[in-house]
Amino acid sequence: AYNTSKKVRQQVEWDEDYKKYVWTLLIQQKIMNQANVLHKAGFTEAEKLYDYAQNVIFFDQTNREGHAAKVYFNRLFGKNFSREYECDINSALDYGYAILLSVFNREIVLNGYITQLGIKHINEYNQFNLVDDLMEPFRQIVDVWVYDNLRDQEFLKYEYRLGLTDLLNAKIKYGKETCSVTVAMDKYVKGFIKYISEKDSSKFHCPVVSSIERRK
């Protein structure tokens with residue numbers, strides 16, 4: 001139903017400075033969500049992350065994102081934890097992120113755009129550059145679940161994979177409403193496109209994540 005060739009031409013012509021501006025907002029909210037997660041878990045390092053979020057400059061040229069990630073993951077999963085290691089925690093995080101990626105991929109394509117053309121991620125061998133960009137403030141949904149369920153466990157249990165898949169039905173705050181993660185993703189992708197194509201921010205919100213409200 002969508003005129004994809006026209007939309008892809010528009011996507012190629014998205015304003016470079018505006019893309020950088022939108023990326024700055026995404027990273028700010030990602031760090032805010034990380035701070036919220038730490039705050040909710042009772043960790044004082046939350047204050048440092050709130051400070052980082054306030055000090056993200058245009059296109060995050062001072063890499064507040066990287067500094068925040070180190071503090072955040074070390075506080076959640078221990079001083080020796082690194083996203084580079086092979087371990088059950090990382091397997092669980094990767095599994096959860098892959099679920100988010102597949103939904104975002106579908107949403108972007110359904111709206112007539114291509115996933116290869118990102119706003120910050122520009123790896124020519126990555127077919128999900130735009131997905132990786134848009135996912136940033138949603139990743140904390142997975143992080144919270146893994147922290148709540150797996151920090152002292154093995155990931156190999158089948159029910160943990162089901163739990164991560166069921167996160168799509170969890171409730172989060174999007175704009176002024178509370179909705180499922182899947183509905184929030186749909187609204188977010190549409191809002192992002194309207195924002196970056198028409199500079200209309202009225203429908204674009206980043207999800208606010210601190211804890212996960214399970215389905216009753």
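With hydrogens and angles ignored, the 3.5 Å screen pairs no side-chain donor or acceptor of N111 with any backbone N or O of Y113. N90 places a side-chain N or O within donor-acceptor distance of the main-chain N or O of Y85, the cut-off being under 3.5 Å. The main-chain N or O of I99 is found under 3.5 Å from a side-chain atom of S102 such that the two form a donor-acceptor pair. Panel note: side chain T178, backbone Y174; no donor-acceptor pair is recorded below 3.5 Å. A side-chain donor-acceptor contact under 3.5 Å links Q11 to the backbone of I114. The main-chain N or O of P137 is found under 3.5 Å from a side-chain atom of N33 such that the two form a donor-acceptor pair.
For Y50, the OH atom sits in a packed shell: over 12 heavy atoms of surrounding residues, nucleotides or ligands are nearer than 6.0 Å. For K199, the NZ atom counts as densely surrounded, since its 6.0 Å shell holds more than 12 non-hydrogen atoms of other residues, nucleotides or ligands.
Taken to the nearest 0.5 Å, the NZ atom of K187 stands 8.5 Å off from the NZ atom of K203. With values rounded to the nearest 0.5 angstrom, L164 atom CG is found 8.0 Å from N149 atom CG. Here C87 contributes atom SG and N80 contributes atom CG; the two are 11.0 Å apart, rounded to the nearest 0.5 Å. To the nearest 0.5 Å, atoms CD (Q34) and CD (E136) are separated by 9.0 Å. To the nearest 0.5 Å, atom CE of residue M135 and atom NZ of residue K30 are 9.0 Å apart. Between atom CZ of residue F138 and atom CG of residue D143 there is a gap of 13.5 Å, rounded to the nearest 0.5 Å.
The aromatic rings of F43 and Y147 lie perpendicular to each other, with more than 60° between the two planes, well past the 30° mark. A parallel orientation is assigned to the rings of F77 and F73, their planes being inclined by less than 30° (bins at 30° and 60°). Note on ring orientation: taking the six-membered ring where Trp is involved, the planes of Y195 and F204 are tilted (angle from 30° to 60°).
Closest heavy-atom contact between V189 and E107: CG2-CB, 3.9 Å.
Clustering ILVMFWY residues whenever any of their side-chain heavy atoms sit less than 4.5 angstrom apart, transitively, puts L168 in the very cluster that holds L134.
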- request: Apply side chain to side chain contact (heavy atoms under 4.5 Å, CB included) to D15 and K19, showing your working.
  value: CA-CA 6 Å; D15 181 275; K19 287 197 293 190; over 6 Å; no
task: Just do the salt bridge (charged side-chain N to carboxylate O under 4.0 Å, His left out) check on E45 and K48 with the steps written out, would you?
output: CA-CA 5 Å; E45 286 87 346; K48 183 179 275 191; over 6 Å; no
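Between Y97 and W145, the distance separating the two ring centers is not shorter than 6.0 angstrom.
Screening N129, L130, V12 for a side-chain contact (heavy atoms from CB on, under 4.5 Å) with L117, the sole residue that qualifies is V12.
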